[in-house]
Every structure is written in C-alpha cells, then in structure tokens.
Amino acid sequence: MQVNATLPPQALADVLRTMPKAELHIHIEGSLEPELIFELARRNGVALAYPDVESLRRAYAFTDLQSFLDIYYAGASVLLKEDDFFDMAMAYFRRAVADGIVHAEVFFDPQTHTARGVPFETVMRGLTRARETAQRELGLSSAYILCFLRHLSEDAAFETLEEALPWREHFIGVGLDSSERGHPPEKFARVFARCRQLGLRLVAHAGEEGPAAYVRSALDELKVERIDHGVRALEDAELVRRLARERVPLTVCPLSNVKLRVFDRLSDHNLGQLLASGLVATVNSDDPAYFGGYLHQNFVETFAALPALQVREAYVLARNSIEASFAEASAKARWVDRLDAHFESFH
Ligand code: HPA
Ligand code: ZN
C-alpha cells in the first residue's frame, strides 16, 4: 500500500481518529476519571484525601512511575461494588469507540481490589458485564488481561492466579505491571510458566523505567509475546535487532512516557526511531484519565510533535495494532481490510 501523502493537521487528525485500530495497553483502573472517582466515593461513602475534582486533578503532577502509582492506587479505592467496575469499564468502552477503536485488550489489577477486601468475583462480574454490553450495544470487540503487581511477591501472584482460574474464560492472558525498578521479570518466571501451561497469552511491562535488560528477560524468562512500553530497548542495538527479527510488538504509550518523565518532551520521544528500526510499535493510552488523554489524543499530539510521523506511519501503527492483538485471525483480516479501504484514497 502506497500511503505517501502529506496532510494538513486537521485532515491528518481525521484520518487518525477514523482509521480502524486496536488498543493493546490500557489499564482499566487508569481510565477512572476524577468525576467518576467522586461519584463512586459519594455512592459508597468512601472518604477521599481531596475536597473536589479540581484539587484531585491538580495532584496529577508526577515525577516518576512510583509517584503516579501512589495516586492511582488511591483513586482505585472507591471501587467496591460490581456496578462500580461496570460503570468504569463502560465509560472507557464508549471513549474507545469514539476514538475509532475496533478492538481493545484491557488490563485489570485484581490485587489492587482483593487486597482491600473486594472479592475477585465482584471485579470480574462487573468487568465482564461491561465487555458483553460493549460488544452488544457498541459493536466493540474487547478482551481482558489480568496483571500481576510486580511489587508484590511471587506467592501473591500464584494466589491471585488460583482465585482467577474459575474465571478462566473471561480473560485471555496475563501481564505484569506496577513498580518496575528492582522488580525484574524473572521474579515471576514460575508464575508465567504456569500461565503458559494454562494456555494464557503472555505480556509484561518492561523497559519503561527499567533497563533494556528487563526487556530481554521478559522475552527469555517469561516468554512474553508482546512487550508493554519497551522504549528503553533502543539503548541496546542487539536487542533492537532481535525485536525486529522476531517481530515482537511494543505497546508504546507516548503521553504516559512524558507524564512519567521517561522523556522530557513529546518531541524527544523515540517512536519514530522505533518504527524506523523496523519494530512492530503500536500507540496506546496506558492510563488515560491520569496522563492527559485517550488514544486519539495520544496519536494527535505525538504526530504533531514528531514530523517524521505522516500518513504512512498512521497506517503502519494501526495495522501493527491489529496484527499484534490476540484477536482471532478472521477478525484481524476483516479489520485490516477495513483499514486498507480507509487508506484507499491515499494511493
Ligand atoms: N507502568 C507500570 N504499572 C502501571 C502503569 C504503568 O505505566 N500503569 C498502571 N500500572
Ligand atoms: Zn501500563
């Protein structure tokens, strides 16, 4: 496909919004908007450390990953009932459809909730009902990926896996998130080996704040199929060649990387270099309620900041997202056909 056109910003923004695409790196707890936090706090009688939405929003000034995680886990404390999880997920699914997403693979952090006494079942019932409603009412395809919190122990991850098994058909895979530094992937090698035996799909956050070596050990020790973030892989030329050769997708989150100071400015982001190095990069929102926008906002701001990104790169990123997803081959082929039709006019 020849998609060499150069478009003015508004026309490019339209293409970016309407092109069919998948989102592969979104934490559902990170889609919890301050307004919904306050509504759920009221509904559930939970006291918050901030008097109003504005003061909570003002606290969203992060210096690194941990400074974000502290406030992100505090925000999740208002989630108690099945309906809370349903409302949160439905709000994300509506935003996803508005941004032209046809398929979303959505992380959830059960340990954040079970540690507060919320039953695993409550989380899963709310999320599952939302997923089914989004399919039926919005025509959106989606799937859940259970994330283990890497600052907790291997034993805790094994316990969570046990609790999750009765719900096996409601999630397609497992991931690894939370504080990266000091918690290398290999800490969870045995848990991931067990998940692999169970036929679960495997992904892990690596190379966000942590070194390129963590990307390598996520591949070698956890045998993951995608790397979440992975932007620091570029520090290791041999690793970059391997990622390109093995076509390992990276779920890159540009606005997140700036908010958490992985890059000082969006114009410093290495997405253009990742693509130029032949890597299967995708664009994602990570925690859109905290980082300044949903998927479309990530696309528009990143394309505005990086002049190397044009129509061709829009096509490649959308196509990568579909191909890197865990959806069935027939669904992927259908979405790629729609994508090609969308870009037909740029031949
Ligand atoms: N990194 C690690 N853990 C997370 C993130 C992230 O960007 N978002 C939610 N949990
Ligand atoms: Zn993430």
Side-chain angles (χ1 to χ4, degrees), residues 22-33 37 60-77 79 85 88-89 92 96 104-115 123 127 144-152 156-157 160 173-185 187-188 201-211 214-215 218 222 224-233 249-263 266 269 271 281-295 297-298 321 324:
E23 176 152 54
L24 307 178
H25 185 160
I26 153 83
H27 301 262
I28 200 62
E29 294 88 352
S31 74
L32 192 54
E33 292 286 342
I37 290 181
Y60 293 0
F62 313 115
T63 50
D64 59 5
L65 175 58
Q66 194 59 49
S67 67
F68 155 69
L69 290 170
D70 292 343
I71 217 160
Y72 161 83
Y73 295 131
S77 69
L79 296 159
F85 292 92
M88 171 174 67
Y92 165 69
E105 295 182 1
V106 178
F107 295 136
F108 68 110
D109 285 343
Q111 289 161 297
T112 300
H113 314 302
T114 53
V123 179
L127 294 182
Y144 289 118
I145 296 177
L146 182 162
C147 277
F148 299 114
L149 299 182
R150 68 201 303 159
H151 70 275
L152 300 179
T160 300
V174 297
L176 191 61
D177 65 2
S178 192
S179 324
E180 186 180 8
R181 281 195 286 232
H183 301 285
K187 178 175 167 185
F188 297 93
R201 311 303 297 256
L202 309 179
V203 300
H205 283 53
E208 177 187 17
E209 271 191 356
Y214 284 15
V215 174
L222 303 187
V224 299
E225 302 166 77
R226 293 196 301 245
I227 297 288
D228 296 313
H229 294 294
V231 288
R232 290 196 56 197
L250 305 185
T251 63
V252 177
C253 306
L255 290 181
S256 163
N257 290 155
V258 174
K259 284 287 193 284
L260 301 188
R261 312 270 184 95
V262 175
F263 297 97
L266 213 42
H269 201 283
L271 179 61
T282 63
V283 171
N284 305 271
S285 69
D286 207 3
D287 300 283
Y290 292 89
F291 297 152
Y294 288 76
L295 186 57
Q297 197 67 25
N298 272 270
S321 73

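We count ligands from 1, going down the list as the structure has it; atoms in each ligand are counted the same way. Note that these values count all heavy atoms, side chains included, but never hydrogens, waters or copies made by symmetry.
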Do NZ/NE/NH1/NH2 and the carboxylate oxygens of E225 and R201 come within less than 4.0 Å?
yes
Considering only heavy atoms, which protein residues lie less than 4.0 Å from any atom of ligand 1?
H27, L65, F68, L69, Y72, D177, S178, H205, E208, H229, D286, D287
Only residue of P254, P288, S256 satisfying side chain to side chain contact (heavy atoms under 4.5 Å, CB included) with N298 is P254
Counting only N and O atoms by type, is there a donor-acceptor contact under 3.5 Å from the side chain of R150 to the main-chain atoms of P184?
no
Kindly indicate, with the supporting measurements, whether the criterion side-chain hydrogen bond (donor to acceptor under 3.5 Å, both in side chains) is fulfilled by E29 and H113.
CA-CA 10 Å; E29 294 88 352; H113 314 302; 2.8 Å; yes
Between F291 and V258, is there a side-chain heavy-atom distance shorter than 4.5 Å?
no
Start with the C-alpha gap between S285 and E23, add the side-chain angles, then the distance that decides, and say whether side-chain hydrogen bond (donor to acceptor under 3.5 Å, both in side chains) holds.
CA-CA 8 Å; S285 69; E23 176 152 54; 2.9 Å; yes
What verdict does the side-chain contact (heavy atoms from CB on, under 4.5 Å) test give for D286 and E208, after you've listed the backbone C-alpha separation in whole Å, the side-chain angles of each residue and the deciding distance to 0.1 Å?
CA-CA 12 Å; D286 207 3; E208 177 187 17; 4.3 Å; yes
The protein N, O or S atoms lying under 2.8 Å from the Zn ion (ligand 2) are H25 NE2, H27 NE2, H205 NE2, D286 OD1
Could you tell me whether the side chain of N284 and the main chain of V252 form a donor-acceptor pair under 3.5 Å?
yes
Regarding E180 and R232, does a basic nitrogen lie under 4.0 Å from an acidic carboxylate oxygen?
no
